[in-house]
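What you are looking at is a predicted structure, and each value in this text was computed from that prediction instead of being measured. Counting starts at 1 for both ligands and their atoms, following the listed order.
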Amino acid sequence: MQRRGFLEGLAAAPAAAAAQQSAQQATAQTYADRTRGLPRLTIKEVYPIVTSPLGRYQWVIVKVITSEPGLYGIGSASNVHQALTVATAIEKHLAPFWVGREVDRIDDIWYATQYRSYRRSDTVLNNALSGLDMALWDIKGKRAGMPVYALLGGKVRDAVPCYGHADGRTPDEVADNVKKFLERGFRHVRAQMGGYGGGGMIAPGEGQRIQGGFAGPAFDEDKYIAAIPKLMEHIRVKLGPEVKLIHDVHEHLSPTLAVEFARRMEPYGMFFVEDILPPELVPWFRNIRQVTSTPMAMGEIFTNPQEWVPCITERLIDYARHRVSTIGGITAARKVAILCETFGVRTAFQEGGDNDPVNFAAACHVDLASTGFGIQEENRWPDLIHELLPGTPKLPGGYAYINEAPGLGIDIKEDMARKFPLTPPPGSEDGFTVRAIDGSLVRP
Ligand code: MG
């Protein structure tokens with residue numbers, strides 16, 4: 001056996017020499033050879049476009065200029081609560097780190113950006129990184145002459161089913177507004193009764209108050225978990241079984257009542273109940289699983305894979321609903337979608353009235369190419385925004401349609417954006433303070 005091995009070794013020697021020579025030749029090849037003729041493309045400049053159109057939005061759009069004249073990409077780094085902090089982080093810390101890097105190496109730049117500050121996955125860093133990440137995918141698509149979804153494997157659905165937001169002051173009004181969405185073509189509708197916590201609010205000054213204490217609108221969780229199942233019953237009686245109903249608890253409940261609420265919602269066949277627990281109480285999903293089949297969705301305030309990975313791999317939730325620009329852009333979102341697909345969980349990427357169309361377009365590209373997709377939260381903008389950001393997705397009939405142009409298919413008119421300078425409006429520093437009747441804080 002040894003002799004045979006020796007002879008085989010002799011025979012193999014010329015082949016090994018040839019392989020070594022060929023490896024040396026490969027090393028000597030130019031970048032253009034290795035990339036089938038594409039010239040080396042680097043990040044030449046990165047800057048935030050900070051804009052507040054209609055005084056209503058507070059957006060940070062990242063623009064990445066490449067070394068190829070005329071080739072650039074855009075991404076969303078919007079964070080309504082910390083817009084100027086994100087813009088400063090990009091200008092002062094991240095742009096100098098990104099300039100000069102090869103635009104093709106998205107995953108490498110993604111991790112390098114997370115590691116550069118040693119501590120990673122914080123909200124501002126993730127927003128800034130998301131802006132860059134989307135812009136790099138935009139550039140890659142433009143360079144390839146393909147929409148981003150094509151680079152992610154191609155469409156697995158023809159357009160993106162979205163859920164609408166219905167609200168109202170009374171069960172009748174909510175049901176009427178749900179019906180309006182159905183008439184427009186939506187199949188999935190989120191039903192709230194007076195915003196987050198609505199149905200559980202005690203009006204200012206009413207109820208047994210502490211003398212000289214908190215007098216504002218107060219959240220009462222017992223009132224809430226009695227009112228919302230009745231609302232769902234009313235909608236079912238009025239509109240029938242077909243509408244796919246969603247409700248957002250927005251983390252207002254204590255864990256035991258969250259379990260009870262989930263159980264009470266079961267008869268109404270919910271599509272999902274959203275954010276029934278806050279991130280710090282995720283283990284309570286196990287208790288919910290023991291008592292009810294009501295589907296659970298969460299993830300919009302997650303910023304770190306350590307938060308969503310156990311939720312998905314332990315199948316504690318049914319829908320992972322991150323905001324794409326909060327977790328690190330398309331690169332992070334497609335990894336979440338693939339993880340969801342593997343574990344039988346689905347995605348329901350989050351939007352919100354504060355969000356910009358670039359983020360929505362990026363989410364739609366991932367949705368279009370994702371087998372792990374469940375539903376997409378809707379977002380719509382007035383005509384002026386479609387003018388400011390040509391290619392903003394449209395939602396006729398409850399489905400989002402993206403512009404099919406290469407890349408993300410969306411652009412921003414910088415001159416127009418500069419006409420809307422961003423100054424945080426008074427009161428915008430506090431979006432989510434909720435209190436109980438004794439003045440104590442309730443989780444928003
Ligand atoms: Mg929500």
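- Here His81 and Phe432 bring their ring centres to under 6.0 angstrom of each other.
- Applying the side chain to side chain donor-acceptor pair (under 3.5 Å) definition to pairs two or more places apart or across chains, those involving residues 297-307 are Glu300-Arg321.
- In this view, Asp167 and Gln192 satisfy the side-chain contact (heavy atoms from CB on, under 4.5 Å) rule, not counting sequence neighbours.
- The distance cut-off of 2.8 Å around the Mg ion (ligand 1) captures these protein N, O or S atoms, sorted by chain and number: Asp248 OD2, Glu274 OE2, Glu300 OE1.
- The 12-atom threshold is exceeded at NZ of Lys238, counting heavy atoms of other residues, nucleotides or ligands nearer than 6.0 Å.
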Donor-acceptor list for residues 436-444 side chains, cut-off 3.5 Å, not counting sequence neighbours:
| residue | atom | partner | partner atom | Å |
| --- | --- | --- | --- | --- |
| Asp438 | OD1 | Ser440 | N | 2.9 |
| Asp438 | OD1 | Ser440 | OG | 2.6 |
| Arg443 | NE | Glu280 | OE2 | 2.7 |

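- Between the side chains of Tyr47 and Glu414, at least one donor N or O sits under 3.5 Å from an acceptor N or O.
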